[in-house]
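Start at 1 and go down the list; that is how both ligands and their atoms are numbered.
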Amino acid sequence: MAPTELQQYSLAQVAEHNKPNDVWMVIHDKVYDVTKFLAEHPGGEEVLIEFAGKEATADFDDVGHSTDAKEQMKQFLVGEILEAERKKKVTTGLTINKRAALIAGSAMAIGAGLALIFKAGSKK
Ligand code: HEM
C-alpha cells in the first residue's frame, strides 16, 4: 500500500478536542478521533474521555490492546503529530548513531594501539 499523506496536527490542536462529544487522542504520534467509538469501546467510554485531547500512548500500550484493537483503531485515524512535536524525534536516532560511532572509534583506537604494540614487539 502506498503511504498516504496524513494531515499534520500540533499537540495544541489535538488538545482542543477534549469534550465528551469531541474526543481526539494521540497514540504513537498518530491522531485519532474516537468520538464515534466511545459507546463501542470494550474498555468503556470513561477511559477514552479521560484521555480526550491528550497523549494516550503509554496507557494504550499498558492495556495490551489486541491486534484486532490495533486494526480497529485505523478507522479513527485522522492525522499525525507534526514532526517537531513527535516523541520519536530524529535526535534519538542521532544519539544512537553517535554512540555507535564512539564505540567504533574506540575499537579502532584499541586496534591501532595493539597493532603498534605487536609491531614494536616483532622488531626485537
Ligand atoms: C483508538 C483507540 C482505541 C481503540 C480502537 C481501543 C479498542 C479496544 C478494544 C477492541 C478492546 C477489547 C480488548 C482488545 O481487543 O484488546 C479494548 C479494551 C480496553 N481498552 Fe481500549 N481502545 C482504544 C483506546 C484506549 C485507551 C486510550 C485506553 C486508556 C487506558 C483504553 C483502555 C482499555 C481498557 C481498560 C480495556 C479493557 C481491557 C480488559 O477489559 O481486559 N483503550 N480497547
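Counting protein heavy atoms under 4.0 angstrom from atom 40 (O) of ligand 1 gives zero. Using a 4.0 Å threshold on non-hydrogen atoms, atom 13 (C) of ligand 1 does not count as touching the protein. Per-atom contact check: atom 10 (C) of ligand 1 touches the protein, criterion being a heavy-atom distance below 4.0 Å.
Annotation: salt bridge (Lys or Arg N to Asp or Glu O under 4.0 Å) contacts of E71 (sequence neighbours excluded): K74.
The nearest pair of heavy atoms linking D22 to E16 is OD2-O, 4.3 Å.
Near atom 21 (Fe) of ligand 1, less than 2.8 Å away, sit the protein N, O or S atoms H41 NE2, H65 NE2.
Taking a cut-off of under 4.0 Å to the non-hydrogen atoms of Q72, the atoms of ligand 1 that pass are 10 (C). Distances below 4.0 Å separate heavy atoms of A56 from the following atoms of ligand 1: 27 (C). Near M25, meaning under 4.0 Å from one of its heavy atoms, ligand 1 places the atoms 27 (C).
For the pair L6/K30, a side-chain contact is recorded, criterion being any heavy-atom separation below 4.5 Å from C-beta on. Looking at heavy atoms from C-beta onward, R86 lies in side-chain contact with E80 at the 4.5 angstrom threshold. Side chains of Q72 and F37 form a contact here, defined as non-hydrogen atoms less than 4.5 Å apart.
Within the structure, no pair that satisfies the salt bridge (Lys or Arg N to Asp or Glu O under 4.0 Å) test touches residues 48-70, not counting sequence neighbours.
Note: an N/O pair closer than 3.5 Å links S66 and ligand 1 by distance alone.
Closest heavy-atom approach to atom 5 (C) of ligand 1 among the candidates K30, E50, K74, M73: M73. Comparing F51, F37, F76 against atom 4 (C) of ligand 1, the shortest heavy-atom distance belongs to F37.
V78 shares a hydrophobic cluster with Y9, L11, V14, W24, V26, V31, I81; the chain of contacts runs through ILVMFWY side chains whose heavy atoms sit under 4.5 Å apart.
H17 places no side-chain N or O within 3.5 Å of a backbone atom of D33 that could act as its donor or acceptor partner. Without hydrogens or angle criteria, Q13 side chain to S10 main chain gives a donor-acceptor distance under 3.5 Å.
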Is there a side-chain contact (heavy atoms from CB on, under 4.5 Å) between V34 and H41 once you walk through the steps?
CA-CA 9 Å; V34 295; H41 184 224; over 6 Å; no

